[in-house]
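Per chain, numbering begins at 1; letters A, B, ... match sequence-line order.
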There are 2 protein chains.
Amino acid sequence: MAASPGRDQAQHGDFRVIAQHLRDAIAAREYVPGDKLPSERDLATTHRVARNTAREAIAQLRKEGLVTAEHGRGVFVRAKPRWMRFGRRRYSAAMRTFNGLGPFGAEAAAQGRTPHVDCTSITRIKAPAEVASRLSISTDTDVVRRENWYFADGEPVQKGVTFAPWTIVEGTPVADSADMGPKGIYGQFSACGHAITYIREEISARMPTSTEADRLKIPDGVPVIDLWHTGIDANRQPFEVTHFIMRADFAALDYDMPVED
Amino acid sequence: MAASPGRDQAQHGDFRVIAQHLRDAIAAREYVPGDKLPSERDLATTHRVARNTAREAIAQLRKEGLVTAEHGRGVFVRAKPRWMRFGRRRYSAAMRTFNGLGPFGAEAAAQGRTPHVDCTSITRIKAPAEVASRLSISTDTDVVRRENWYFADGEPVQKGVTFAPWTIVEGTPVADSADMGPKGIYGQFSACGHAITYIREEISARMPTSTEADRLKIPDGVPVIDLWHTGIDANRQPFEVTHFIMRADFAALDYDMPVED
DNA sequence: CAGTGGTCTAGACCACTCA
DNA sequence: GAGTGGTCTAGACCACTGT
């Protein structure tokens, strides 16, 4: 040890010590959200380690979602996420009557944000397996596939891909138009005999793929919520499936429900 | 460039190329779940880069949750997570009658896993703010705090901290005993006039803190589901709050519910 | 321009696993 | 003991941001 030039001890876990120092300082509000941390080079000299070691400490905090690095600017304490909450009532008729943005727009507007939805593609395909099983149809059946990207205050928040049997949507705007009219897509379904009455929501969380991180501009250390939503009508028939990928620093889910029907 | 010894080109994004090679190979099932990837030193030599660069490529895949590194053994393609699903009916009376493990045990058993719950502490404290607001009580009010750790097949899966007003649980096993009897904790609540009738579940996802990662043995690239559960009785009075931290590679949530009451 | 994070090199020793 | 990942060094140049 004493032989190694310029150093004396420490080898294992140096970066953990630095990381913990920074965590503590953040917890003690020596750095508040938005503040810039010392540069990697500064950390290295003050802790008497190589820059890479200081950098590794920063990498830990990034993985935990505590800080965000900005190339050329510095490393900043991340602002506490301001979650947008989605609940089952976003599908209720009352939420739809005053705008044409659908459940997302209604929730976003109710929470003081400016929503924007971009429908990037509408195609007709064979039902993928995950869709077919939820709609109780075969994978030979044609479905419409509508891909939507959702923004709040200009920031990308989530992606949603909606599928519905072609036989149901044929001839309606759902099959070929981005504009769903004043009552949104569920107004259209309702008009053809499928009023959304029950929903099923299957929720999991995972890290984004590199593609998702790109498209949704997801910072380091932020997972996605992966949600399969199924719309079910009054006859208990599923008529629509949407696969949402939501930034977990923006979206939260909030359900209240009876324990039994 | 040509001046640097032993190399010729490439500087930017080398590790991304390597990472993409590996991703593609995994997608093409050249490596299947459980397989060992080439060692960092092998990757370095075959791609003609320094070991740190190969290592960075691996780090990317770890962040995405695609692979897991095991010290001294190698880097392995992660097995597809086998999620355990939790739904609203885990709180129904029917799920409780055949065992004393509560909602978790019932779900785990139903899914062919061996559940185990470890109640690590039972204390009496002033209600924390997050609890008080959900129970509609003040932060001066005493509550019981019960900390539980949940295991499936011996692996730690989630942590749950339950709070309930002291005035409700006083004199019952909920206040001081790990053993909740054959009908579980909700049987106890039911016996003192608070049958669970509605629930509210507030769901978000984030990366684990370093403490959580330790205690739940969470591998790299796996987020946690952070869930606040509120139990509400037939009179619409909230009587119990539980804060769950779940490993997102084990737990998924699955709710079916009416859009309106 | 100076200062920042991003990437890379070519080594080194440590800690762990397994034959 | 051989092979693996984990950590560290002391440099280097690139890409980006701001003055």
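- One can place CG of A:Asn52 at 10 Å from C1' of C:dT7, the figure rounded to the nearest angstrom.
- Atom pair A:Glu56:CD and C:dG6:P shows a separation of 13 Å (rounding to whole Å applied).
- The side chain of A:Arg73 places no N or O atom within less than 4.0 Å of a non-bridging phosphate oxygen (OP1 or OP2) of C:dG5.
- At distances below 3.5 Å, not a single donor-acceptor pair connects side-chain atoms of B:Arg206 with backbone N or O atoms of A:Gly221.
- Rounded to 10°, the helix from C:dC1-D:dG18 to C:dC18-D:dG1 has 20° between the axis fitted to its first five pairs and the one fitted to its last five.
- Rounded to whole angstrom, the span from the CZ atom of A:Arg51 across to the P atom of C:dC8 amounts to 13 Å.
- Distance B:Arg48 CZ to C:dA10 C1': 15 Å, rounded to the nearest Å.
- In summary, B:Glu212 and B:Lys159 do not engage in a salt bridge, as defined by a charged side-chain N under 4.0 Å from a carboxylate O.
- With respect to B:Glu56 and A:Arg55, no salt bridge is recorded, no charged nitrogen being found less than 4.0 Å from a carboxylate O.
- The distance from atom CD of A:Glu40 to atom P of C:dG6 is 6 Å, rounded to the nearest whole Å.
- A donor-acceptor pair under 3.5 Å is formed between the side chain of A:Gln111 and the backbone N or O of A:Arg85.
- For D:dT9, one of the phosphate oxygens OP1 or OP2 lies less than 4.0 angstrom from a side-chain nitrogen or oxygen of A:Thr53.
- For the pair A:Gln60 CD and D:dC8 C1', the interatomic distance rounds to 15 Å; values are reported in whole Å.
- The base of C:dG6 does not come close enough to the side chain of B:Arg16 for any donor and acceptor atom to sit less than 3.5 Å apart.
- Aromatic stacking of B:His71 on C:dA15: satisfied, with centres closer than 5.5 Å and planes within an angle under 30 degrees.
- With distances taken from any side-chain atom of B:Phe15 to the nucleotides C:dG6, C:dT9, C:dC8, the minimum falls on C:dC8.
- Atom CZ of B:Arg41 and atom P of D:dT4 are 7 Å apart (whole Å).
- Taking the nucleotide of DNA chain C with the nearest heavy atom to each of B:Ala54 and A:Arg62, the more 5' of the two is matched to A:Arg62.
- A:Arg55 contributes no side-chain N or O that forms a donor-acceptor pair with the base of C:dG6 under 3.5 Å.
- A donor-acceptor pair under 3.5 Å is absent between the side-chain atoms of B:Asp24 and the main chain of B:His21, judged by distance alone.
- Spacing between atom CD1 of A:Ile58 and atom P of D:dC8 amounts to 14 Å, rounded to whole angstrom units.
- Contacts of A:Glu70 with the nucleic acid, taken as non-hydrogen atoms under 4.0 Å apart, involve only primed sugar atoms and P, OP1 or OP2.
- Under 4.0 Å is where a charged nitrogen must lie from a carboxylate oxygen, and between B:Arg88 and B:Glu201 no such pair does.
- Side-chain N or O atoms of B:Trp228 include none that pairs as donor or acceptor with a backbone N or O of B:Val131 at under 3.5 Å.
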